[in-house]
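Everything on this sheet refers to the single structure shown next.
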2 protein chains.
Amino acid sequence: MLEAKKVLKKSNLRPTSQRVAIVDYILQKNKVHITAAKLITHFKNKNISISLATIYNNLNELADKGILRKFYVNNDKMWFDSNLQDHYHFYDSEKDELIDIDKNEISFSKSPKIPDGKIKDSINIIINLKNKN
Amino acid sequence: MLEAKKVLKKSNLRPTSQRVAIVDYILQKNKVHITAAKLITHFKNKNISISLATIYNNLNELADKGILRKFYVNNDKMWFDSNLQDHYHFYDSEKDELIDIDKNEISFSKSPKIPDGKIKDSINIIINLKNKN
DNA sequence: TTATAGTTTAGAATCATTCTAATAATCTAA
DNA sequence: TTAGATTATTAGAATGATTCTAAACTATAA
């Protein structure tokens with residue numbers, strides 16, 4: 001069975017052609033940062049037609065199932081990341097592109113006290129890059 | 001002269017009543033995290049009418065002039081911060097509220113290598129909180 | 001097979017933000 | 001001071017990303 005179908009089956013998602021195409025794309029590269037807009041462009045270029053709504057539905061579903069991680073960068077765009085390890089990002093605004101920073105590339109010698117009654121949910125670190133000129 | 005007017009004058013912004021109201025609000029508390037929507041609600045409650053467009057225009061202008069700092073949190077909302085020191089944030093999604101983390105509350109013992117041809121522009125650290133239960 | 005539950009889709013709706021262009025307020029020079 | 005120029009404010013339209021809706025379609029279990 002196709003790898004993509006196995007992944008979908010394991011998450012109880014029916015392997016529709018659209019889903020298979022999306023999961024296939026994610027599996028091709030081992031780490032992917034995507035945006036709904038980027039994905040639909042990719043499929044258009046390959047003459048595969050999937051509606052925007054379906055792209056969003058599925059990216060969100062895959063995020064719910066823990067196959068992708070969903071987050072936002074400095075601007076108003078939703079990103080999905082297939083790297084599920086704890087990690088951080090460089091953001092290259094020039095190219096509108098994210099670059100992974102491995103968890104062990106950053107270490108803290110001091111961490112802030114969490115406010116009373118709360119616990120840490122997740123940490124978002126984005127290092128914005130600009131061109132050296 | 002009103003403190004707010006002085007601030008505006010220094011930045012070559014005409015002290016219109018709307019601007020004075022906004023800057024006044026910022027000066028009242030020494031550290032403020034605001035959103036256009038939160039500000040307009042605040043003014044509505046005090047029966048001061050300022051249009052949304054003006055709120056946005058002015059917050060952006062104040063950010064351009066370096067009086068506020070503009071950034072985005074995990075969701076698609078634009079935040080303005082009157083704390084100009086280098087610092088980071090906790091985000092309490094329950095209350096839709098930011099809490100400052102002083103720069104010296106976090107220290108790094110290891111920092112990632114910046115990609116070739118690029119330099120660091122800014123670092124965004126957001127620690128998302130959830131309720132201890 | 002077929003009935004059912006799950007999916008996809010186009011297009012409408014929503015929400016934050018920006019734009020437009022008409023009106024109003026502030027400023028400057030004389 | 002005041003006229004004219006410049007800058008601001010505003011309502012409402014426009015935009016762009018995302019979600020919703022409801023109708024048409026597809027996979028699946030029995």
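Chain letters run A, B, ... following the sequence lines, proteins first, then strands; residues in each count from 1.
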| query | With the threshold set at 4.0 Å, does a side-chain nitrogen-carboxylate oxygen contact exist between B:K103 and B:D100? | reply |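 B:D100 and B:K103: not salt-bridged.
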How many Å lie between [atom1] on [X] and [atom2] on [N], as a whole number?
X: A:K9; N: D:dA27; atom1: NZ; atom2: P; answer: 14 Å
X: B:Q18; N: D:dT9; atom1: CD; atom2: P; answer: 5 Å
X: A:L8; N: D:dA27; atom1: CG; atom2: P; answer: 13 Å
X: A:N58; N: D:dT26; atom1: CG; atom2: P; answer: 16 Å
X: B:I55; N: C:dT17; atom1: CD1; atom2: P; answer: 12 Å
X: A:R19; N: D:dT26; atom1: CZ; atom2: C1'; answer: 11 Å
X: A:I50; N: D:dC25; atom1: CD1; atom2: C1'; answer: 16 Å
X: A:K5; N: C:dT7; atom1: NZ; atom2: P; answer: 15 Å

Can you give me the N/O atom pairs linking the protein to nucleotides 18-20 of chain C at distances under 3.5 Å, or say none if there are none?
unit_1	atom_1	unit_2	atom_2	d
C:dT18	OP2	B:N60	ND2	3.1

Does [X] use its side chain to pair, donor to acceptor, with the backbone of [Y] at less than 3.5 Å?
X: B:R19; Y: B:R14; result: yes
X: B:K118; Y: A:L129; result: no
X: A:K110; Y: B:N104; result: yes

| query | Checking all strands, does B:T35 fall into the base, sugar-phosphate, or nothing category for heavy-atom contacts under 4.0 angstrom? | reply |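 Answer is nothing: B:T35 stays at 4.0 Å or more from every strand.
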| request: Compare every heavy atom of A:I126 with every heavy atom of A:Y72, then report the nearest pair and how far apart it is. | output: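 The pair with the smallest heavy-atom distance is O-CD1, 3.9 Å.
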| So how far is it from B:T54 OG1 to B:Q18 CD, rounded to the nearest 0.5 Å? |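 If we round to the nearest 0.5 Å, B:T54:OG1 and B:Q18:CD are 6.0 Å apart.
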| Phosphate OP1/OP2 of C:dT9: any A:S51 side-chain N/O under 4.0 Å |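 A:S51 to C:dT9 OP1/OP2: side-chain N or O found under 4.0 Å.
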| field | Contacts of B:Y25 that satisfy ring pair (Phe, Tyr, Trp, His ring centres under 6.0 Å) - sequence neighbours left out | value |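 Ring pair (Phe, Tyr, Trp, His ring centres under 6.0 Å) check on B:Y25 returns B:H42.
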| request: For atom CD of B:Q85, decide whether the heavy atoms of other residues, nucleotides or ligands shown that lie under 6.0 angstrom number more than 12. | output: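 No, not enclosed.
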Table of protein N/O atoms under 3.5 Å from nucleotides 24-30 of chain C N/O atoms:
unit_1	atom_1	unit_2	atom_2	d
C:dT26	O2	B:R14	NH1	3.0

| In terms of ring plane angle, is the pair B:F71 and B:H89 parallel, tilted or perpendicular, where the classes change at 30° and 60°? |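 Parallel, since the angle between the ring planes stays under 30°.
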